[in-house]
Amino acid sequence: NLPMVAPVGVLGIANLLMHLEADGVAVPFGLGWRLGLATVIVLISVMAGRIVPSFTRNWLAKRPGSKLPGSHGWVDKLALGVLHAGLIGWAFLPAFWPFLLLLLLGAAINLWRLLRWRGLATTAEPLLLVLHVGYAWLVLGVALLGLPVLDADVPLGAAIHALTAGAIGTMILAVMTRATRGHTGRDLSADYVTVLIYGLVSLAAIVRIAATFGATWTMPLLIISACLWIAAFAGFVLSYGPMLILPRRPR
């Protein structure tokens, strides 16, 4: 876990930059929040490459005749290299077109990477499928972030909320629910409440993105999105809180 020290350190620097900017110090405008967001997305892209295909492979291996996810190789390395270069470059120079082009290319290669993980074969198990959905949000957010290079009229907020409310929010709930069930002796299978939680967080992201496109409905959509988001995480607390507090079940 020692490599985790580096991204945590970068998050600390990003936080410091935001405070300095707020205090009127001459730092590049918005660098702090962009660097922080880029760091979290880089973390998700790396960690997802470890857990998503692995969990998917283990699940599909128990089903005879299922095609397994592709093994880690040059596609993954290329996907991560292009994505990370585009994200870090965008953090420092958000309007520089080569970095936007890298983001579009990174989104395309990461979509290829995601499809190789065989997510469509996991629809019978939402606890596993949601990990693929979370990474799909990442691909969409990065693509929206790079689209201005093609003169597409896409609000920056749409890309930001696809990455934050979509990718980060979904991945947080996906990993928390799976880890809680696994470490408390429960079956690695989603119940109805868990499926509802997953649906609420993605719906919150969709509504939040929609709010960036229309001024007339912005405030109502923001309120709806906030309520959906709160409901998703409140659902986790109410459903999974007792699992974490009560004695662990024997296997």
Side-chain angles (χ1 to χ4, degrees), residues 7 10-11 14 28-53 69-70 72-120 129-172 174 201-202 204-214 225:
V10 175
L11 285 174
F29 178 74
L31 174 59
W33 72 262
R34 289 194 302 271
L35 185 60
L37 176 58
T39 302
V40 176
I41 299 303
V42 166
L43 272 174
I44 291 177
S45 68
V46 173
M47 298 307 297
R50 297 182 182 181
I51 65 174
V52 179
H72 185 85
W74 68 269
V75 174
D76 300 270
K77 294 177 181 177
L78 180 63
L80 292 179
V82 175
L83 175 65
H84 296 175
L87 284 170
I88 299 303
W90 167 80
F92 286 91
L93 297 171
F96 190 45
W97 72 265
F99 292 137
L100 299 181
L101 193 59
L102 278 177
L103 289 173
L104 274 184
L105 182 60
I109 303 174
N110 275 275
L111 176 59
W112 181 15
R113 185 192 193 205
L114 174 61
L115 293 175
R116 293 179 73 249
W117 292 345
R118 303 281 298 151
L120 293 178
L129 176 63
V130 70
L131 292 167
H132 296 266
V133 173
Y135 205 80
W137 273 115
L138 183 150
V139 171
L140 175 62
V142 171
L144 291 175
L145 204 58
L147 273 179
V149 76
L150 302 179
D151 292 328
D153 187 18
V154 178
L156 176 61
I160 300 306
H161 293 297
L163 292 172
T164 52
I168 297 175
T170 302
M171 279 298 192
I172 286 173
V201 74
S202 274
I206 292 170
V207 175
R208 186 64 185 84
I209 292 169
T212 66
F213 284 94
S225 177

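Here, residue 1 is the first one in the sequence, and each next residue gets the next number. What you see is a predicted model, and the numbers here were worked out from it, not measured in a lab. Basis for what follows: all heavy atoms, side chains included, without hydrogens, waters or symmetry-related copies.
- Closest approach of Ala204 to Ser225, counting heavy atoms only: O-OG, 2.8 Å.
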N/O donor-acceptor pairs under 3.5 Å from side chains in residues 143-169, not counting sequence neighbours:
residue	atom	partner	partner atom	Å
His161	NE2	Arg208	NH1	3.4
His161	NE2	Arg208	NH2	2.9
Thr164	OG1	Ile160	O	2.7

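- Residues passing the side-chain hydrogen bond (donor to acceptor under 3.5 Å, both in side chains) test with Trp137, sequence neighbours excluded: Ser202.
- We find the CG-CH2 distance between Leu35 and Trp90 to be 9.5 Å, quoted to the nearest 0.5 Å.
- A heavy-atom distance below 4.5 Å is found between the side chains of Met171 and Leu131.
- In terms of heavy-atom proximity, Leu31 sits nearest to Ala91 at CD1-O, 3.1 Å.
- Considering only residues two or more places apart in sequence or on other chains, Arg113 meets the side-chain hydrogen bond (donor to acceptor under 3.5 Å, both in side chains) condition with Asp76, Tyr135.
- Scored by the side-chain hydrogen bond (donor to acceptor under 3.5 Å, both in side chains) test, Ser45 finds His84 as partners (sequence neighbours excluded).
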I'd like a table of donor-acceptor pairs (distance under 3.5 Å, sequence neighbours excluded) in which one partner is a side-chain atom from residues 101-109, with atom names and distances.
none

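- Nearest heavy-atom pair, Arg116 versus Val75, reported as atom, atom and distance to 0.1 Å: CD-CG1, 4.0 Å.
- Residue Leu114 holds its CG atom at 9.5 Å from CG of Leu138, rounded to the nearest 0.5 Å.
- Take Phe96 and apply the ring pair (Phe, Tyr, Trp, His ring centres under 6.0 Å) test, not counting sequence neighbours, and it matches Phe99.
- Rounding to the nearest 0.5 Å places CD1 of Ile88 at 9.5 Å from CG of Leu83.
- Rounded to the nearest 0.5 angstrom, Leu111 CG and Leu115 CG are separated by 4.5 Å.
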